[in-house]
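Predicted model only: the values in this text are computed from it and were never measured. Lettering follows sequence order; numbering is per chain, from 1.
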Amino acid sequence: PLAFFVHDAEIVASLEKTLAGQTVETEKVLDIIYQPQAVFRVRAVTRCTSSLEGHTEAVISVAFSPTGKYLASGSGDTTVRFWDLSTETPQFTAKGHRHWVLSIAWSPDGKKLASGCKNSQIFLWDPATGNQIGRVLTGHSKWITCLCWEPLHINPECRYLASASKDGSIRIWDTLMGRCDKILTSHTQSVTCVKWGGDGLLYSSSQDRTIKVWRSQDGVLCRTLQGHAHWVNTMALSTDYVLRTGAFEPAEATINPQDVSGSLAELKDKAQQRYDQVRGQEPERLVSGSDDFTLFLWRPAEDKKPLERMTGHQALINQVLFSPDTRIIASASFDKSIKLWDGRTGKYLTSLRGHVSAVYQIAWSADSHLLVSGSSDSTLKVWDAKMKKLAIDLPGHADEVYATDWSPDGQRVASGGKDKCLRM
Amino acid sequence: GKWEVPVPKVHAQGETEVLKVIRTGKRKKKAWKRMVTKVCFVGDGFTRKPPKYERFIRPMGLRFKKAHVTHPELKATFCLPILGVKKNPSSPLYTTLGVITKGTVIEVNVSELGLVTQGGKVIWGKYAQVTNNPENDGCINAVLLV
């Protein structure tokens with residue numbers, strides 16, 4: 001399926017009607033641009049199928065595995081819980097952390113889950129048994145803010161993990177040997193987010209208002225991107241979704257999610273193909289959101305000057321996400337709105353208003369048509385990104401919703417928050 | 001209503017503290033000139049009045065152009081050029097003269113910080129309040145009013 005555009009306006013009804021609103025010279029050649037849409041269509045989630053209790057403190061992070069087979073949640077009660085998706089009941093409780101679990105990250109092959117806690121420790125868990133893999137990774141002096149695995153198409157064994165911490169350093173861990181491989185220090189304040197790009201570059205954003213670009217091969221600092229006026233809270237790469245799902249293709253999803261099968265070489269090829277397709281000819285784009293109410297769009301591999309500064313929000317920006325087809329950027333902010341921007345140029349598209357309080361986290365569906373957002377007003381809302389309107393309202397949580405995630409096969413949305421229960 | 005500032009109450013400076021009497025004339029009897037003893041800011045295009053007629057003398061050694069401004073949330077300090085003196089709490093006369101003492105609200109050039117409005121326009125001036133006694137320290141320390 002394709003979508004056609006004339007001068008940036010989509011042709012919905014007929015070419016005549018779209019041209020009627022524009023002034024076009026009859027002697028000039030008209031360019032009609034086509035954009036391929038996703039082959040599959042994800043249906044909007046409409047109801048809450050279950051409310052999973054189990055955590056004894058607020059749920060801070062929720063993540064589906066890359067194939068959508070497992071669901072893990074990290075909470076303030078120092079445990080990471082795995083949930084069985086076919087019966088929607090608790091499966092394993094992973095105990096081991098001694099303080100709040102602040103961030104979790106699935107390896108791109110779905111076989112390992114890394115979780116970081118406030119005591120600056122990182123644990124690795126096996127989702128099939130709920131047991132810890134290997135040793136505890138210690139080394140940071142302050143708490144872990146973000147974790148990111150190496151992409152599948154660079155290393156199909158999923159061996160290296162990058163962790164960002166409040167002490168201003170980024171450590172690259174070798175999970176097979178259980179030790180720290182490299183330490184990247186340059187930031188003067190807490191590192192808020194770290195992302196492992198698909199081109200051999202590592203991006204880190206910090207409270208010292210800079211974003212630093214490192215070479216992941218040897219840990220050398222390549223560039224410092226300056227421009228923000230306050231803490232840089234969050235970052236997103238245009239190839240984020242494809243790096244997260246690795247060799248799993250959402251179009252081939254089945255009702256019962258399966259693990260991706262195949263030898264390491266096959267997985268690596270498949271992941272590389274998917275990555276090349278999404279990335280196209282241009283280098284990766286990076287969008288960063290900050291406390292100064294603006295977002296910057298960068299091309300970090302080429303330039304240290306931003307492509308575009310996106311203004312318009314009236315409060316700090318909590319999360320930015322590229323849509324899986326990299327066309328749209330969505331930014332969730334504490335000013336109760338979500339703004340959509342064009343993914344290539346950074347131009348403002350529209351504002352999605354409806355929440356009555358700060359929007360904490362957002363998640364895209366795999367076909368880039370729908371967006372779900374969780375907010376501190378205890379509701380989730382599903383928005384239609386093409387119609388740019390609210391599709392469905394999902395009330396039900398008793399207190400603020402801290403984390404939201406849409407499974408890559410499009411079947412479920414999981415959300416967790418202050419009321420200690422997970423809803424699906 | 002009232003605006004909240006980091007330094008709400010300041011000890012009022014009397015005239016004898018801020019202005020020093022300068023005696024002039026052949027017999028040093030005339031006492032109508034005053035010299036400012038505190039740090040002050042004069043604008044870019046400042047030119048002295050003819051010396052015979054100037055009533056207030058602002059010595060060049062006490063004129064400052066830059067202030068060390070701290071951002072309260074970022075906890076980072078920048079050396080920013082001063083654009084003007086907005087209000088001196090002791091007296092409106094000091095405001096017009098440009099005298100900077102503790103508690104004075106000054107306007108500083110913040111284009112170095114990179115702030116923008118929602119419409120995309122660059123913010124280049126913000127208010128800051130002075131937190132030290134500049135005549136004792138030799139520098140102006142201020143806190144940005146966000």
Side-chain angles (χ1 to χ4, degrees), chain A residues 166-168 187-192 205-211 224-233 287-298 304-317 331 333-339 341-342 345-351 353, chain B residues 1-8 41 64-86 100 104-132 139-146:
Chain A
K166 177 135 171 66
D167 63 8
H187 281 296
T188 52
Q189 291 201 7
S190 156
V191 186
T192 49
S205 70
S206 156
Q207 275 181 1
D208 64 1
R209 300 168 291 136
T210 60
I211 299 166
T224 304
L225 309 176
Q226 289 177 328
H228 274 297
H230 213 302
W231 304 340
V232 188
N233 283 335
V287 66
S288 59
S290 145
D291 260 22
D292 66 356
F293 313 166
T294 61
L295 302 111
F296 270 109
L297 185 62
W298 315 84
K304 64 177 186 183
K305 291 242 177 332
L307 280 175
E308 175 85 23
R309 185 168 200 172
M310 293 125 84
T311 58
H313 274 297
Q314 291 163 319
L316 68 92
I317 293 154
S331 59
S333 153
F334 274 25
D335 67 354
K336 314 170 198 161
S337 74
I338 302 164
K339 288 197 195 274
W341 317 80
D342 181 60
T345 55
K347 287 219 169 21
Y348 170 71
L349 291 175
T350 179
S351 272
R353 288 183 204 280
Chain B
K2 295 259 175 186
W3 296 101
E4 284 204 11
V5 277
V7 187
F41 170 76
F64 279 76
K65 289 190 201 164
K66 288 198 175 209
H68 302 307
V69 183
T70 309
H71 194 294
E73 283 161 30
L74 285 176
K75 306 272 189 290
T77 312
F78 306 91
C79 192
L80 304 175
I82 304 174
L83 293 171
V85 172
K86 179 73 181 170
I100 298 178
T104 313
V105 175
I106 56 175
E107 195 173 358
V108 282
N109 185 336
V110 292
S111 41
E112 194 182 311
L113 299 181
L115 300 162
V116 264
T117 61
Q118 281 145 42
K121 296 203 174 49
V122 178
I123 300 172
W124 61 283
K126 262 189 170 302
Y127 290 132
Q129 193 178 28
V130 177
T131 52
N132 72 329
C139 63
I140 306 175
N141 296 340
V143 147
L144 198 65
L145 303 175
V146 277

- [ ] Can you measure from CG (Leu115(B)) to NE2 (His230(A)) and round to the nearest 0.5 angstrom?
- [x] 8.5 Å
TODO: Report the distance from atom NE2 of His71(B) to atom CZ of Arg209(A), rounding to the nearest 0.5 Å.
DONE: 8.5 Å
- [ ] Pick whichever of Asp291(A), Thr311(A), Asp208(A) has the most heavy-atom pairs under 4.5 Å with chain B.
- [x] Thr311(A)
Task: Toward chain B, the part of Gln226(A) with a non-hydrogen atom under 4.5 Å - done: neither
Open item on the list: Checking an interface table here. Which of residues 139-146 of chain B come within a heavy-atom distance under 4.5 Å of chain A?
Closed with: none
Task: Proximity breakdown for Glu73(B) and chain A, heavy-atom pairs closer than 4.5 Å - done: both
Task: Closest heavy-atom pair and its distance - Gly114(B), Ala229(A) - done: O-CB, 3.5 Å
- [ ] Could you list the residues that satisfy ring-ring contact (aromatic ring centres under 6.0 Å, His included) with Tyr127(B), not counting sequence neighbours?
- [x] none
Open item on the list: Can you list everything that forms a ring-ring contact (aromatic ring centres under 6.0 Å, His included) with Phe78(B)? Sequence neighbours excluded, please.
Closed with: none
- [ ] Flag the pair Gln118(B) / His313(A) as yes when at least one side-chain heavy-atom distance between them is below 4.5 Å, and no otherwise.
- [x] no
Task: Partner set under side chain to side chain donor-acceptor pair (under 3.5 Å) for Thr294(A), not counting sequence neighbours - done: Asp292(A), Arg309(A)
